[in-house]
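To keep things clear, I will list the structure first and then write my remarks on it.
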4 protein chains.
Amino acid sequence: MTPGASGGPARLTRSERTEAAILAATRELLAKGGVRELTVEGVAACSGVAKSTIYRRWRSKDELALAVVIDMVQTVVAVPSLADTRSELIALVQGAVRVLGKTLMGSVMQGLVPELATDSELARAFRDRVVALRVQEVERLLRRGIERGELRTDIDIGLTHELLFGAVYYRLFLSGEPLDRKLAERIVDGVLPGLLKPAAGRRTARPT
Amino acid sequence: MTPGASGGPARLTRSERTEAAILAATRELLAKGGVRELTVEGVAACSGVAKSTIYRRWRSKDELALAVVIDMVQTVVAVPSLADTRSELIALVQGAVRVLGKTLMGSVMQGLVPELATDSELARAFRDRVVALRVQEVERLLRRGIERGELRTDIDIGLTHELLFGAVYYRLFLSGEPLDRKLAERIVDGVLPGLLKPAAGRRTARPT
Amino acid sequence: MTPGASGGPARLTRSERTEAAILAATRELLAKGGVRELTVEGVAACSGVAKSTIYRRWRSKDELALAVVIDMVQTVVAVPSLADTRSELIALVQGAVRVLGKTLMGSVMQGLVPELATDSELARAFRDRVVALRVQEVERLLRRGIERGELRTDIDIGLTHELLFGAVYYRLFLSGEPLDRKLAERIVDGVLPGLLKPAAGRRTARPT
Amino acid sequence: MTPGASGGPARLTRSERTEAAILAATRELLAKGGVRELTVEGVAACSGVAKSTIYRRWRSKDELALAVVIDMVQTVVAVPSLADTRSELIALVQGAVRVLGKTLMGSVMQGLVPELATDSELARAFRDRVVALRVQEVERLLRRGIERGELRTDIDIGLTHELLFGAVYYRLFLSGEPLDRKLAERIVDGVLPGLLKPAAGRRTARPT
DNA sequence: GACTAAGCGAGACGGTACGTCGCGTCTTAAA
DNA sequence: TTTAAGACGCGACGTACCGTCTCGCTTAGTC
């Protein structure tokens, strides 16, 4: 096929091909070994690219890793409309459980934690491009639940989001418990009572 | 009579003094710089101890860091008996919030995450010596609440523990929201409804 | 025109400059201290080169030392034609006596002995590049003597070479006797009778 | 047997047993590995003796090694009277060839060279206790030959000793040629002509 | 269609830290 | 009180990557 031929996928310039190779190699090496064992020399060898070419594009190994990681992480699947809010929340949490437990996203996130702690610019990017999306999705589902009359109107959306996902990441990062199929349901059932419209005469521990 | 047996602090052997110096230096260097910038050579220089002496006690830099970290982390403050379970749970969570937000424990825990992911032996140690303590404390409080008649009898203790602490660590690790004074209370109030004894005719989302 | 191509000393590439610096430093440090006290770190510091750069070129400290040593040793001065074989042999041996006794070659050779014993590859290199040259030179002189009619035709060249130099090295390595000016002459006069053409009726101890 | 019982081999004190164990272990480790791979820690482990006990007796690793080596080396077998001087010299040289080629004495001597170069006290000990014995033995044989009328009366004994043994050590240390059975004979036949009584009318290259 | 400068591969370089080994000294507990 | 066991300070080892730096060789674009 001649260069610039229409129809097919745009012919990539050398520079673009190079960048793609680097990113692919980085992803591959992240998969086995995680951030901890990722080395620039490894990426260079695996991608057939010179080390200097990598450094021409990313200032450091961490920047490269994080570019890839952020790119992977920001994929968020919107939850379709289901019968009730409980089902929708379970679907949402289940999505996170699955991607963290079954793909390399889990180890990627583990490696990401100290980077976020160190690099405030990265932390902001992560909040804006990843966390915010999750909050929005939670908000969307909760608002729908409120409209349906299922949920209280004074829900703390940010907190709910933190409870739902916090428990998942707690397993991933610290407790080491498995990310299994029942987890999402249990989490939602633990959080949901605080979201539901109070029944008449319902007893509560909240201070008056 | 054993030398130094009376009165003052027990006379330390050289070996003990050495170990103490290493740990102190490690703690100091962890404080500024975190796990990321901790080096064995730095610890050696700072503690006035030979590198080989450090390696005689810990197999690697990570093991040293983690020994210190685990040692710091496993300090769990038992929650005293308070008026009600809500107050006690808030006190428990507030303890974690404070230590993670105000001391270097926060950054230490951030650095710990990828280590736990990599080193399964360490992960087990962490679970046994840190997570398990937390679970026990949650269990103690919840059992007391059940005995008092405040709480349901079929509580999922593990899940509760994950919800309570998961949200705290989620802020620390990912969302970057501040670990402030109101957090513990909000978390507990988000989780508590699922723990309370159901009032008669209470509406629930749980499947029958 | 290539930079520096005309006239002056050829412009060296960085790599060449580096190698030269390493070798110079090694020679300098060998001079004071000998092989025993030579360290790669010392060479690195003295040459302003990184340790890793040294290890990129030589597999170990010994290899470096020996590369330099071999390089120094393989300088063999060809003996010019003199009046007779005796004078030529004396000149040859005297050359070895002088370089071993007056330069640092002596201590270098002392340090070389256990290396040769340990490293068979090195031993081969030494035999091929140093010993062989000496044998050749002895052979050249002896053949000339045979052509002149001075020497027997059935001389054992290898043995002669070993006798001539063995005595020199024996002093250097073991007996500690000085390598003085008369030594070469005495050695040659001890060996020469076995090389000369037998006079008629000459008495010999050799078995028939 | 009760302590101090007379008759049997003297009961060794603990100190003597310890020393013997150290020496035995040193000899054993010298056998495999040579001086180069001899370590004090190895000797301690192999002899079941504490390192500090070794250092109480020898100031350094080298001293220990050399004590053992010297002890081994100074074993010189006196050559019995044979038919003629040639046979006796061959027997003498053959003794050295055999012990250097077939036992660990060869590698021991190789390792000894740089030590002798470094440690002048050791060098003197070696000369006095080893070299001198060899010279004496050569002298004894040569004097007998002179008395028999076989040899010239103005023989340079020291030189002869250096020629005879130098060639052997030259092979061992530098040329790497095998120490085989013919070697001693060839060496002696190379040196002997210079020792024999000159036949009448014999041609010589010596200056008048 | 040749020319040129930017981009690239290759990989050497100065560094920093790693974890190891062996030295010779020093401490401690036991005999 | 002497010794065995072994921890200690030290210094060098050889390795792995870091991020920088030359080098020629492509390879697009410009004339």
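Just so it is clear: chains get the letters A, B, ... in the order the sequence lines come, proteins before strands, and each one is counted from 1.
- Less than 4.0 Å separates DNA chain F from at least one heavy atom of each of the following residues of residues 39-53 of chain C: C:Thr39, C:Val40, C:Glu41, C:Lys51.
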Dump the intermediate steps for side chain to side chain contact (heavy atoms under 4.5 Å, CB included) on C:Val69 and C:Leu30, then the final yes or no. CA-CA 9 Å; C:Val69 164; C:Leu30 271 176; 4.1 Å; yes

Report the C-alpha separation of D:Val40 and D:Tyr55 in whole Å, then their side-chain angles, then the decisive distance to 0.1 Å, and conclude whether the side chain to side chain contact (heavy atoms under 4.5 Å, CB included) test is met. CA-CA 9 Å; D:Val40 174; D:Tyr55 279 103; 3.5 Å; yes

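- Non-hydrogen atoms lying under 4.0 Å from DNA chain F are contributed by A:Ser60, A:Lys61, all within residues 56-64 of chain A.
- Distance D:Ile54 CD1 to E:dC23 P: 9 Å, rounded to the nearest Å.
- Between D:Arg36 and C:Glu115 there is a salt bridge, since a side-chain N of the basic residue sits under 4.0 Å from a carboxylate O of the acidic one.
- The distance between atom CG of A:Leu38 and atom C1' of F:dA16, rounded to the nearest whole Å, is 14 Å.
- Close to F:dA4, at under 4.0 Å from its OP1 or OP2, lies a side-chain N or O of D:Thr18.
- The side-chain heavy atoms of D:Val43 and D:Lys61, taken from C-beta on, include no pair separated by under 4.5 Å.
- Atoms OH (A:Tyr55) and C1' (F:dT20) sit 9 Å apart, rounded to a whole Å.
- Residue pairs meeting the side chain to side chain donor-acceptor pair (under 3.5 Å) criterion with at least one partner in residues 39-49 of chain B, sequence neighbours excluded, are B:Glu41-B:Lys51.
- The shortest side-chain heavy-atom distance between D:Phe173 and C:Leu116 does not fall under the 4.5 Å cut-off.
- As rounded to whole Å, 13 Å separates atom P of F:dA7 from atom CD1 of B:Ile22.
- Remark: C:Asp128 engages no residue in a salt bridge (charged side-chain N to carboxylate O under 4.0 Å, His left out) (not counting sequence neighbours).
- For D:Ser120 (side chain) and D:Ala123 (main-chain N/O), no donor-acceptor pair under 3.5 Å exists by modelled atom type.
- C:Arg57 is linked by a side chain to side chain donor-acceptor pair (under 3.5 Å) to C:Ser15, C:Glu19, counting only residues two or more places apart in sequence or in another chain.
- In this structure, A:Arg36 atom CZ and E:dC18 atom P are separated by 12 Å, rounded to whole Å.
- Nucleotide F:dA16 holds its C1' atom 13 Å from the CD atom of A:Glu37, rounded to whole Å.
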Tabulate atom names and distances for all N/O pairs under 3.5 angstrom spanning the protein and nucleotides 27-30 of chain F.
none

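- Atom CG of A:Leu38 and atom CD of A:Glu28 lie 11.0 Å apart (nearest 0.5 Å).
- To the nearest 0.5 angstrom, B:Leu112 atom CG is 8.0 Å from B:Met105 atom CE.
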